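Data first, discussion second: the structure below is written as structure tokens.
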Amino acid sequence: MNVCVYTLGCRLNQCESEAIADSFAQEGFTIVGEAESADLYIVNTCTVTSKAEQKARRMIRKFAKSAPTLATGCYAQVNEEELKQLGEQIIVVPLEKKAHLLKLATHMKASLVSGMSTYEGCRSFSDGNASVFDYEAASFSYHSRAYLKIQDGCDNSCAYCRVHVARGKAVSLDVPTVIQRALALQDAGFQEIMLTGVNLTMYDHERDGLGGLLEQLLKRLSPSMRLRLSSMEPDHIDERLLSVLKDRRMQPHFHIPVQSGSDAILKRVDRHYTIAELSRILDRLREAKDDPFLAADIITGLPGETDEDFEQTYQFLQNQGFSYLHVFPFSPRPDTPLFKATDRVPESVRDERALRLRKLSEDLHRAYRMRQVGKDAEVILQNRKGGHWYGLSGNYLEVKVLNAPAFGREGMLVQGTFGPLAKQSERMEFIVDAPAV
């Protein structure tokens, strides 16, 4: 029986999807991608933007035409009834019950043996108790790197954000369990672990924080294990975290939800920092790593954003030299303070600003890649196509790997030098010197 787990949204969703896929793989089911035919589809949804919800609805309808489809995730938490109306073969599992899906594979195996159809098996699956930290994958079907969930929820209440409504208050996985799971991934042969959460820098923030956890992890993990962080909210990046980021095993790739370069707009949407404070944090991140990959989330057309506010944002992003911008036109979300804002920016202006920032992102990304030519780095091999390996560098650049070892395999770490940019490709060349030790 083929099972497809289709994911929208953040790295935390990807992490949780991998654990669900692994639970099916461990029971003997075949995990397939969206382009392949499946007997059961599981769609892990996102509610960050209306476009994410629109895509979720489209994929759920598409999958449900051919096989039973389970819809779960943040969108399923806040709009359960809406998703139920999309088709007869659709079963909605709210986010608060998503972790219980880790037990679905065992149930499905037994129900199929008893003669039930796939749909009947899914419908007969009863609710049970599960923790948001039950997601623990031993293998990863859709990624070559390991994902480890250490945090969930958020105590911030940004005026545009619906995720904290769906996910609830911030909670952290205890340090001993994080270390135990990280060591298990290391023993399984993974050479990089991505730590994920809804608000990662809120991890254990009332005690030793994320920095304290990383100190303990780095003491226990091997000298060759790489650690990468998902997005980091700037208001909880403290001195202890900045210090531990200097360790060579911490990857030079930082994703910061900036959202705006205007102090007036940051205050309007209840962000807890100023541009001056953010600039100091970015300077410290550059001190921790030599020319790190700095990505930023930006929302254009937030209510009240004037032409002057946008120009301040544009100049800030340009002057800071970010490596990449994730640009989102403002999408009013139900259950948030800005949903009924009366000072909205016209959609045409909002979208024009988004286009300008996406063009800026292209220029900044190309400039960053050009600066890497001739530099030494490590790359994880991800997939092989057309006789060549392709991989991801520590500073988050996709590369075409030349001179890869004959015994190369997915997830293998190799050392080499960045080559020139291909004229018709987003990828750089990477010339391997040797496997990483």
Side-chain angles (χ1 to χ4, degrees), residues 5 10-27 44 72-73 95-106 128-141 143 145-155 163-164 167-233 236 238 240-241 244-245 247 249-251 411:
V5 183
C10 63
R11 291 189 178 94
L12 178 57
N13 255 13
Q14 295 171 24
C15 174
E16 293 170 347
S17 289
E18 286 283 12
I20 293 170
D22 181 60
S23 69
F24 276 90
Q26 300 237 6
E27 291 291 346
N44 195 357
T72 189
L95 175 67
E96 62 189 8
K97 299 178 181 178
K98 181 167 73 170
H100 192 52
L101 290 178
L102 295 165
K103 301 175 183 178
L104 176 60
T106 302
N129 295 323
S131 164
V132 294
F133 294 118
D134 284 346
Y135 302 96
E136 182 182 5
S139 64
F140 295 79
S141 300
H143 298 85
R145 298 168 292 149
Y147 282 63
L148 176 53
K149 177 179 178 178
I150 65 169
Q151 191 274 339
D152 204 332
C154 183
D155 291 343
V163 174
H164 73 275
R167 290 273 181 175
K169 293 294 185 180
V171 290
S172 303
L173 182 61
D174 63 275
V175 173
T177 304
V178 173
I179 293 173
Q180 174 192 340
R181 293 183 179 182
L183 289 173
L185 292 170
Q186 177 177 275
D187 292 343
F190 291 100
Q191 295 190 284
E192 178 177 306
I193 299 173
M194 166 79 81
L195 302 179
T196 67
V198 172
N199 187 336
L200 197 62
T201 49
M202 197 169 276
Y203 178 89
D204 193 34
H205 65 284
E206 294 180 348
R207 292 185 287 270
D208 291 336
L210 182 59
L213 170 67
L214 292 174
E215 289 172 358
Q216 295 300 314
L217 273 175
L218 292 168
K219 287 178 183 177
R220 299 293 301 277
L221 294 171
S222 75
S224 62
M225 175 58 77
R226 308 196 322 180
L227 291 179
R228 192 183 299 273
L229 304 178
S230 60
S231 62
M232 299 190 294
E233 290 288 343
H236 282 93
D238 57 20
R240 191 168 188 175
L241 176 56
V244 77
L245 291 177
D247 190 287
R249 290 168 289 175
M250 299 301 305
Q251 297 308 290

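We're numbering straight along the sequence, starting at 1. Model, not experiment: these values are computed from the prediction.
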Legend entry - Heavy-atom pair with the smallest gap, counting every atom of Asp238 and Leu241: OD1-N, 2.9 Å
Legend entry - Heavy-atom pair with the smallest gap, counting every atom of Tyr147 and Thr196: CD2-CG2, 3.8 Å
Legend entry - Taking every non-hydrogen atom, the tightest pair across Ala105 and Ser23: CB-O, 3.4 Å
Inset, instruction - Would you check if Met225 and Ile193 make a side-chain contact, meaning some heavy-atom pair closer than 4.5 Å? - result: yes
Legend entry - Min side-chain heavy-atom separation His205-Asp155 under 4.5 Å: yes
Legend entry - Under 3.5 Å side-chain donor-acceptor pair for Thr106 and Glu27: yes
Inset, instruction - Sorted by first residue and then second, give each salt bridge (Lys or Arg N to Asp or Glu O under 4.0 Å) pair with at least one member in residues 186-201; sequence neighbours left out. - result: Arg145-Glu192, Glu192-Arg226, Glu192-Arg228
Inset, instruction - May I have all residue pairs that pass salt bridge (Lys or Arg N to Asp or Glu O under 4.0 Å) and include part of residues 168-179, sequence neighbours excluded? - result: none
Inset, instruction - State the CG-OG distance between Asn199 and Ser231, to the nearest 0.5 angstrom. - result: 8.0 Å
Legend entry - Residues forming a side-chain contact (heavy atoms from CB on, under 4.5 Å) with Glu215, sequence neighbours excluded: Arg240, Val244
Legend entry - Member of Glu18, Glu136, Glu16 meeting the side-chain hydrogen bond (donor to acceptor under 3.5 Å, both in side chains) criterion with Lys149: Glu16
Legend entry - Worked check of side chain to side chain contact (heavy atoms under 4.5 Å, CB included) between Val132 and Val171: CA-CA 9 Å; Val132 294; Val171 290; 4.1 Å; yes
Legend entry - Exercise: identify the closest heavy-atom pair between Leu195 and Leu200: O-CD2, 3.5 Å
Inset, instruction - Mind checking the CG-CD spacing from Asp204 to Glu206? Nearest 0.5 Å is all I need. - result: 8.5 Å
Legend entry - Test item: Met232 and Thr201 side chains (from C-beta on) under 4.5 Å apart, heavy atoms: yes
Inset, instruction - Apply the test side chain to side chain contact (heavy atoms under 4.5 Å, CB included) to residues Arg167 and Leu12: give CA-CA distance (whole Å), side-chain angles for both, the deciding distance (0.1 Å), then the verdict. - result: CA-CA 11 Å; Arg167 290 273 181 175; Leu12 178 57; 3.7 Å; yes
Legend entry - Minimum side-chain heavy-atom gap Met194-Ser230 below 4.5 Å: yes
Legend entry - Heavy-atom check, side chain of Ile179 versus side chain of Leu217, under 4.5 Å: yes
Inset, instruction - Report yes if some heavy atom in the side chain of Leu101 is under 4.5 Å from a heavy atom in the side chain of Thr72; otherwise report no. - result: yes
Inset, instruction - Find out whether Val175 and Arg207 are in side-chain contact, i.e. whether some heavy atom of one side chain is under 4.5 Å from a heavy atom of the other. - result: no
Inset, instruction - Could you walk me through whether Leu221 and Leu183 pass the side chain to side chain contact (heavy atoms under 4.5 Å, CB included) test, one step at a time? - result: CA-CA 7 Å; Leu221 294 171; Leu183 289 173; 3.9 Å; yes
Inset, instruction - Of all the heavy-atom pairs spanning Leu173 and Tyr203, show the shortest one and how long it is. - result: O-OH, 2.5 Å
Legend entry - Closest approach of Val178 to Leu148 (non-hydrogen atoms, all atoms of both residues): O-CD2, 3.8 Å
Legend entry - Flag side-chain contact, heavy atom, 4.5 Å: Leu227 against Asp247: no
Legend entry - Audit row: Lys98, Ile20, side chain to side chain contact (heavy atoms under 4.5 Å, CB included) steps and yes/no: CA-CA 9 Å; Lys98 181 167 73 170; Ile20 293 170; 4.2 Å; yes
